Amino acid sequence: MKRKDSNASGFPEYAMMDLPTMEKEILTWWEDNNVFEKSISERPDDKRFVFFEGPPSANGLPGIHHVMSRTIKDLFCRFKTLQGYRVERKAGWDTHGLPVELGVEKKIGITKADIGTKITVAEYNKLCREDVMKFTDIWNDLTRKMGYWVDMEHPYITYENNYIESLWALLKKLFDKGLLYEGYTIQPYSPAAGTGLSSHELNQPGCYRDVKDVSAVAMFKVVKNENSSFLFDNDGEDVRFLAWTTTPWTLPSNTALALGSEIEYLKVKTLSRYTGKPITVIVAYDLFSKYFLVADSNRTELLKSKVFPLSQIANSDEEPLIYLNNEVKDTAKLITSDKVNSWLVEKIVKGAELEGIRYEQLLPYAQPTDGDAFRVILGDFVTTTDGTGIVHIAPSFGSDDFRVAKQNSIGSLTLVDKQGKFVDEVNDPVFPLDGRFVKEAYFTDAEKEQEFHLQKEILRVNNIIADLKSFMSADDLIVLKLKLENKLFKTEKYDHSYPHCWRTDKPIIYYPLDSWFIKTTAIKERLIELNKTINWKPAHTGEGRFGQWLENLVDWNLSRSRYWGTPLPIWVSEDYAETKCIGSIAELKVEIEKSVKTGYMQSMEVTDLHKPFVDEIVLVSDTGKPMKRVADLIDVWFDSGAMPYAQWHYPLENESTFKQNFPADFIAEGVDQTRGWFFTLHVLGVALFDSVAYKNVVSNGLLLDKNGNKMSKRLGNVIDPFETIEKYSADATRWYMMRNSDPWENMKFDMTGLQDVIRSHFGTLYNTYGFFALYANIDNWKYDAAKKISNEAKPELDRWIISKLQTLVKDVTGFYEDYEPTKAARAIEKFVDEDLSNWYVRLNRRRFWKGEMSEDKQAAYETLFECLNAVSQLMSPIAPFFSEWMHRNLNEGSASVHLSYLVEADERLLDKDLEERMELAQRSCSLILSLRKKEKIKVRQPLSKILIPVVNAKTQAQFEKVESYILSEVNVKAIEYISDASGVVKKKIKPNFKELGKRVGSKMKAVQNAVLAFTADDISQIERDQKYVLNLEGESFELFLADVDIQTEDIPGWLVASEGALTVALDVTLTDALRQEGNAREFVNKVQNLRKDKDFKVLDRIKVKVIANDMLKEAIVNFHDYIANEILAKEIEVVDTLDSFDELEYNEETIKVYVAVV
RNA sequence: AGUCUCGUAGCUCAGUUGGUUAGAGCGCUACACUGAUAAUGUAGAGGUCCGCAGUUCGAAUCUGCGCGGGACUACCA
């Protein structure tokens, strides 16, 4: 930054604040002096603060939101360094995963289908490896420029062999603990492509498409037994559950029905619309009108009112409510003429009462062998938004189904194979289903044609459809079958959006697939328990979002069918009877040796743990069978969740390093990582070491544009971090982000806010420093701790700001320790702006520039120096550059502020009384200035007297100590204090609701009225006696002084202003003497401005000649010395004519003045 | 759809265990101040505290039901 002073000694002074340039200079200095390295190496090895860096994906470009999250990471690390901790920060790169694969595919113009044909897996992975690190330079550049201190020279990289080897070792530990198992889960699956799909893939554009499917409401016949008998009128009654499905092909695999426990269900007598037979159906109340004609909504309400409340139903003698064709009310007349509109509501029950009721299997092609089945269970996912409020459960074809079935020990049927065809067991004498595709879209045209002829023939032969017109899908056939068997209530076409496979364009199905899992449910309790020991910022993320997630934990599916990632180190024999989990390269080599000896493979070097190399390895089982690696890669979240271990190549080496660095004291990432990195870190910490992985975690919110929209390239509202830093500086950006709102809130990023921060905070501080440097250099003052003036010897204002500073140090340290950066930043801002700049410096300006060096001056320099020095430390975590700049300016030749040790608050320097009276002074000044303003009397015009009513001696004593500040600030000669006894003060009283409300409660209104009715005598009485007995409707209350607020309302004859309990009155009478003095000050002001215009030096002596009017003459005569002293004039001469002069506006007149340096 | 979260002045945000006149900064308007001067002060205008209902003597604050924004998870009969 451009220096103003040419001489190198003293405190540097600058021409203009230029933060971006300042930062570049500081960066160079840091690098030349290895400051970051020193900030670690100079701290003791045995006092560590452990930080984990969440690895960003180097595959994408950094954005402004990275500046946000990294500011948070950086600032707490810097803060802990100030406190004397050693804080190592190892950078990391997340390098695996689908985005990398997709990036490469886009780049070279292939699709997944081309892998293995147009390009080998080896070539493909090579490209991924090259491509993923392409932006590292840009990342490193941003890291440097934003002042984020992290070790970019020794990062952990998730694709490196050592890293992967660590992952293998950890997986093996899990395997040995029995926490790694093979199981199956319901996943999106494309039969046509023969592969499972991830949610990423399903969420690609165009995957969800609107299709028309056949939906069916099937009827499940209730088995009458003890549980269900209450649903039956007689033994012959045919009671059915209605359940809706958009995938009738899953009905043969139905094994349960799910109801909502709080949902109300109706038992309704009606007639089958297909067979005309009388049936009784169970359907949700809310959906009743969807299937049965109800005249109008009033009827629905009536229905409800007649059958409710539930508690009354049991012992109600009332007739059941019957509507027939909406009119006739007679059970006997329930007849066949109008099937849909004939109904009779008999009963209403909650879902919970129906739990456990059994029903007959709908389509008994096969029986489940893995559990009980065909029961009513309760599911929290059941709604009444559509369907019947009863959900058909096919555990193999829906994830909710699977989960709820497992919870209720319901058996399952998987009557569809991996090609998407019904298995042979679905063998129906009439309807050709076995071996056929469940979705019409899977058939080729030729197959469809062939199948159509077959269907036509068989339906004709069986006298079902004489002449079938078109192909029937599996859904159609099943619906037809149900219809014929009186198991169908209704069917219709249904439009909905359904996911399709992006490779084949065919609809996907949900299908149980083999996958490898980490059994997180086995350690669920421990995960929850240990989570409670983690300090989450904000707390609700830990308790709410994360806590809930843990409560509803499912096992972690590790398997991914991908190419570029960490291979699962598990080899299995062909019959799956034997399994080996490999935990290291060494172990793998031993196994390869064995295998080579057996002859299953050629000897080979292990150089890369990725596909396809590991897949070429065939091991030998203990019983001598060949073993192949399972094809899966693992979830990339395992990569990053394992970084506490793998970054050190632990557990294969570096045990002591690991132990020193686990668990983390602190981590921070975006809130979107709650179920990502925060979760996987936690799971692995608990599963492997029964420990939390981190003790404190800050999850920051999203960064939005200034209108609250998400930043996106499409909207063109993306903020470039490099441009922002270049233009406004990193410090201002960091400070703005931290001070604007708590980091866990979403933040609207607005450039004008950034400019405000520069102007108001950095500008003020820069100015304050500049002011200090200017005068300290004139006096050639240097800080010398040995010669310090004791605090007691310093004036009131100095002790005040020092006291304030102690509070600030204490508060800010506490805020940082609580991970509350916003509170810290705001406290610092407030101190700098309100206390230091706008009160301390403003009131003290004279002390700095007036006269020779003195002890008082020294005290002022010392005080301001100490404040600036402490502020630079306190702000250094958030604004590392500016604080460095100020610190090094203040302490010539010193080391970095980031190597310093944080000041501690000295409680002895705290003086609450002093702070209180200074606040009285500030508030008084503000009131008096507002009075002056109201009367249009400028501050330059002295006034004679202020009147302040005081309630007690202490308050008066407090005022007296700060009297001089008030008087000089508002330019008044004297303060007079009056007590109540004077009787001139008119007061008003009102109840203190907070105090009184606690005691009188509901009588508050009456008490309020009584208090408001107080006379002046009543008020003096309570002030004198400290209490007052109040009579209210025969009861008496003791009212104490603390129960009321008494304020001065008016002082007759004075100009009065009040704020809370503080009242000031101002005497605005102007005497001649006052007027003359005012005129003198006016003249001084004008001449001072002239000096400045003429670029006189601050210390230049001048001579003055003036053609004065009478008003000015008088002032010059009576206040000659004062004027001369102020304007540094050796002589002031009143003359009649002037050859050369300047014109000055003086009290609405123009005067001629000549000034010159002598 | 579920979970979490946010909603206070034109903008960005405070607002303690509920307490009666809801605050700050910026911006706007007006007026001052002036050897910190591309700084500063004072005043004014500006609010259905997202809505409705409830609890209470009293609700921005507590409860319920909605509305709107956002995130995550899920995509389901």
Side-chain angles (χ1 to χ4, degrees), chain A residues 16-17 188 199 202 208 215 243-247 250 257-258 379-383 385-394 398-401 497-499 510 538 540-541 543-549 552 670-676 701-702 704 706 708-710 739-742 744-748 750 752-753 755-756 759-760 763-764 767-772 774-775 822 826 829-830 833 837-838 841-842 845-846 848-849 925-926 929-930 932-934 936 938-940 990-998 1000-1008 1085 1088-1089 1091-1092 1096 1098 1126 1128:
Chain A
M16 205 181 85
M17 183 169 81
S199 57
L202 234 44
Y208 276 84
S215 77
W244 178 65
T245 179
T246 55
T247 52
T250 60
L257 293 173
D380 52 10
F381 56 88
V382 179
T383 64
T385 48
D386 48 23
T388 61
I390 299 174
V391 178
H392 134 67
I393 298 293
S399 53
D400 275 341
D401 307 42
S497 102
Y498 195 86
Y510 290 84
H540 61 74
T541 300
E543 289 158 19
R545 185 181 288 199
F546 195 64
Q548 294 260 347
W549 170 254
N552 300 316
V671 69
D672 53 327
Q673 293 297 336
T674 308
R675 277 133 175 187
L702 236 70
L704 308 168
K706 64 177 178 180
N709 298 313
K710 221 172 153 173
R739 70 87 56 205
N740 188 63
S741 56
D742 287 325
W744 35 89
E745 304 283 355
N746 288 344
M747 183 185 171
K748 293 177 193 163
D750 186 0
T752 60
Q755 286 160 352
D756 283 349
R759 195 172 45 76
S760 68
T764 302
N767 258 323
T768 307
Y769 167 77
F771 172 85
F772 165 82
L774 175 68
Y775 295 110
T822 306
R826 287 180 183 176
E829 266 183 29
K830 192 165 188 280
D833 184 48
S837 170
N838 282 331
V841 173
R842 193 154 63 89
R845 275 173 301 186
R846 243 164 209 274
F848 288 92
W849 56 263
C925 287
S926 164
L929 289 170
S930 77
R932 274 182 170 276
K933 148 92 184 160
K934 206 180 282 172
K936 297 194 194 305
K938 51 185 155 190
V939 180
R940 233 178 276 131
K990 69 170 191 177
N992 179 339
F993 285 87
K994 200 169 179 174
E995 284 297 313
L996 218 41
K998 273 186 273 185
V1000 306
S1002 61
K1003 299 205 172 89
M1004 195 63 221
K1005 275 232 160 74
V1007 174
Q1008 179 183 13
N1085 170 242
Q1088 295 287 37
N1089 285 342
R1091 280 183 65 120
K1092 222 163 65 182
F1096 291 180
V1098 171
E1126 287 296 313
L1128 299 182

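Every chain is numbered from 1 and lettered A, B, ... according to where its sequence line falls, protein lines coming before strand lines. Not measured: the values here are computed from a predicted model.
Nucleic acid contact for A:Tyr775: sugar-phosphate only, since backbone atoms but no base atoms lie under 4.0 Å from a heavy atom of the residue. Counting any heavy atom pair closer than 4.0 Å across all strands shown, A:Gly997 reaches a base atom.
With A:Asp742 contributing its side chain and A:Trp744 its backbone, the two residues share no donor-acceptor pair below 3.5 Å.
Using the Watson-Crick or G-U wobble rule with both distances under 3.5 Å, B:G46 pairs with nothing in any strand shown. Of all nucleotides present, only B:C11 satisfies the Watson-Crick or G-U wobble test against B:G25, with each distance under 3.5 Å. Base pairing of B:U73: its partner is B:A1, meeting the Watson-Crick or G-U wobble criterion (both donor-acceptor distances under 3.5 Å). Nucleotide B:C57 forms a pair with B:G19, judged by Watson-Crick or G-U wobble geometry with both contacts under 3.5 Å. Nucleotide B:U34 forms no Watson-Crick or G-U wobble pair with any nucleotide shown, as no partner meets the under 3.5 Å limit on both distances.
A:Trp744 has its CH2 atom 20 Å from the P atom of B:C72, to the nearest Å. The distance between atom CZ of A:Phe771 and atom P of B:U37, rounded to the nearest whole Å, is 9 Å. Distance A:Lys748 NZ to B:G70 C1': 11 Å, rounded to the nearest Å. Between A:Asn992 atom CG and B:G58 atom C1' there is a gap of 14 Å when expressed in whole angstrom units. Look at CZ on A:Arg826: it is 10 Å from C1' on B:A24, rounded to the nearest Å. Regarding A:Asp742, its CG atom lies at a distance of 12 Å from the C1' atom of B:C6, rounded to whole Å. B:G70 atom P lies 9 Å from atom CG of A:Leu704, rounded to whole Å. As a whole-Å value, the separation of A:Met747 CE from B:U5 P is 22 Å.
Nearest to the side-chain atoms of A:His540 among the listed nucleotides B:A71, B:U40, B:C4 stands B:C4. Proximity note for A:Asn740 (side chain, C-beta onward) versus B:C13, B:C33, B:A38: the nearest is B:C13. Each of B:C75, B:A32, B:A71 was ranked by its minimum atom distance to the side chain of A:Leu702; first place goes to B:A71.
Spacing between B:G10 and B:U3 at atom C1', rounded to whole Å, works out to 35 Å. Separating the P atom of B:U61 from that of B:C6 is a span of 14 Å, rounded to the nearest Å. B:G25 and B:U63: their P atoms are spaced 32 Å apart (whole Å). Here, B:G64 and B:U56 have their C1' atoms 16 Å apart, quoted to the whole Å. Rounded to the nearest Å, the gap between the C1' atom of B:G19 and that of B:C11 is 31 Å. Taking the P atoms as reference points, B:U17 lies 22 Å from B:C57, given to the whole Å. Rounded to the nearest Å, the gap between the P atom of B:A45 and that of B:U8 is 22 Å. Remark: the separation of the P atoms in B:A60 and B:C50 is 10 Å, to the nearest Å.
Residue A:Arg842 has no polar side-chain atom (N or O) positioned under 4.0 Å from OP1 or OP2 of B:A36. Proximity of A:Asn767 to the phosphate of B:A39: no side-chain N or O atom is located under 4.0 Å from OP1 or OP2. Of the side-chain N and O atoms in A:Arg940, one or more sit less than 4.0 angstrom from OP1 or OP2 of B:U34. For B:C13, one of the phosphate oxygens OP1 or OP2 lies less than 4.0 angstrom from a side-chain nitrogen or oxygen of A:Ser741. Between B:G70 and A:Asn746, no contact under 4.0 Å exists linking OP1 or OP2 to a side-chain N or O.
Along RNA chain B, the nucleotide closest to A:Asp750 and the one closest to A:Asn1085 are compared, and the more 5′ of them pairs with A:Asp750. Toward the 5' end of RNA chain B, the nearer of the two residues A:Glu745 and A:Val382, judged by each one's closest nucleotide, is A:Glu745.
Contact of the A:Ser760 side chain with the A:Glu829 side chain is not registered, since no non-hydrogen atoms from C-beta on lie closer than 4.5 Å.
Side chain A:Ser837 to base B:A36: a donor-acceptor pair is found below 3.5 Å.
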Between N or O atoms, less than 3.5 Å apart, protein on one side and nucleotides 26-29 of chain B on the other: list the pairs.
residue : atom : partner  : partner atom : Å
B:C26   : O2'  : A:Asp756 : OD2          : 3.0

Can you pull every protein N or O that's under 3.5 Å from an N or O on nucleotides 15-18 of chain B?
residue : atom : partner  : partner atom : Å
B:U17   : O4   : A:Lys994 : NZ           : 2.5

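Ring geometry, A:Phe772 versus A:Tyr769: the interplanar angle falls from 30° to 60°, so the pair is classed tilted. Using the six-membered ring where Trp is involved, A:Tyr775 and A:Phe848 have ring planes that are tilted, between 30° and 60° apart.
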